Amino acid sequence: MTNEELFAAAVKAADNSYSKYSGFSVGAALLTADGKLFKGCNIENASYSLTNCAERTAVFKAVSEGYTDFTAIAIAGSPNKDFSKPCFPCGACLQVLSEFCGSDFRIILSDGEYRLSDFLPRRFSEDSMK
Ligand code: THU
């Protein structure tokens, strides 16, 4: 799957965004090592802090289905269906991704390809507690 196809899947995933409070739709498309695709969207709540980001929705869907080996995620976010501006992943989602993905994990945004290490060069891990 090309980066363009993966990004298009993220844009499609944003169709299901439940974002009545922020008005900001986000979609994510997570690719497993064996080529399976998990899509996710942001899901907001009247109790704002319970909101789940699109990336974590995709990761939790995949892990709950038995997939933990990932190669890339595409993220698309927009207040108005124009997904040309890059939507950077939040810190919470980076931490969750880092539980399963190494520094080379690819993050595809509207302006190109990044690596997990570009956004999260160091992370809290079980080693931090030793
Ligand atoms: N959001 C995501 O889905 N992913 C991110 O990485 C950052 C923010 C969502 C959460 C909320 O529904 C909306 O964008 C505005 O913060």
Side-chain angles (χ1 to χ4, degrees):
M1 176 172 280
T2 66
N3 285 358
E4 289 70 25
E5 287 168 337
L6 197 58
F7 187 76
V11 170
K12 182 82 185 140
D15 280 348
N16 291 332
S17 168
Y18 183 80
S19 46
K20 61 194 280 188
Y21 302 103
S22 73
F24 190 74
S25 302
V26 186
L30 179 66
L31 192 61
T32 71
D34 54 0
K36 203 168 159 46
L37 191 66
F38 286 92
K39 295 200 299 247
C41 63
N42 56 333
I43 305 169
E44 299 187 345
N45 192 276
S47 180
Y48 293 173
S49 63
L50 298 180
T51 291
N52 206 59
C53 292
E55 301 90 317
R56 277 177 291 144
T57 300
V59 171
F60 295 152
K61 280 177 66 179
V63 174
S64 68
E65 296 294 325
Y67 294 84
T68 55
D69 197 1
F70 307 121
T71 56
I73 192 170
I75 306 162
S78 173
N80 59 15
K81 306 264 181 215
D82 172 4
F83 292 95
S84 56
K85 185 175 165 191
C87 178
F88 297 116
C90 82
C93 290
L94 291 169
Q95 177 67 25
V96 168
L97 284 165
S98 78
E99 183 72 25
F100 304 100
C101 310
S103 51
D104 282 351
F105 176 74
R106 292 154 46 227
I107 297 179
I108 316 304
L109 306 183
S110 63
D111 63 348
E113 178 179 302
Y114 298 83
R115 301 278 164 166
L116 183 55
S117 56
D118 290 322
F119 298 120
L120 194 71
R122 295 181 183 79
R123 73 179 188 105
F124 182 78
S125 72
E126 56 190 337
D127 287 341
S128 312
M129 297 183 283
K130 286 179 184 153

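Atoms within each ligand, like the ligands themselves, are counted from 1 in listed order. Quick note: numbers below take in every heavy atom, side chains included, and nothing from hydrogens, waters or symmetry partners. Count residues from 1 along the sequence. If you're wondering where the values come from, they're calculated on a predicted model, not measured in any experiment.
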Interatomic distance, [X] atom [atom1] to [Y] atom [atom2] [nearest 0.5 angstrom]:
X	Y	atom1	atom2	result
Y114	I108	OH	CD1	10.5 Å
I107	L97	CD1	CG	6.0 Å
I73	F105	CD1	CZ	5.5 Å
R123	L116	CZ	CG	9.0 Å

Practice prompt. Could you tell me whether the side chain of T32 and the main chain of K36 form a donor-acceptor pair under 3.5 Å?
Written response: yes
* **Polar proximity ligand 1 side, E44 side, N/O cut 3.5 Å exclusive** => yes
task: Examine S19 against ligand 1 and note whether any of their N/O atoms are separated by less than 3.5 Å.
output: no
Query - Short N-O contact, R115 and D118, less than 4.0 angstrom - result: no
[atom] [closest protein heavy-atom partner, distance rounded to 0.1 Å]:
atom	result
atom 6 (O) of ligand 1	E55 OE2, 2.6 Å
atom 9 (C) of ligand 1	N42 ND2, 3.6 Å
atom 10 (C) of ligand 1	T51 CG2, 3.9 Å
atom 8 (C) of ligand 1	C53 SG, 4.0 Å

Looking at [X], which atoms of ligand 1 are within less than 4.0 Å of one of its heavy atoms?
X	answer
P89	6 (O)
S22	13 (C), 15 (C)
F24	14 (O)

Heavy-atom proximity to atom 3 (O) of ligand 1 ranks first, among A76, A54, P79, for A54
So, N45 versus T51: side-chain donor-acceptor pair below 3.5 Å or not?
no
### Message
Is the ring pair F100/F70 parallel, tilted or perpendicular, if the boundaries are 30 and 60 degrees?
### Response
perpendicular
- Task: Look at atom 16 (O) of ligand 1 and say whether a protein heavy atom is found at less than 4.0 angstrom from it.
- Result: no
Quick look: C90 vs ligand 1, heavy-atom contacts under 4.0 Å, and the answer is both
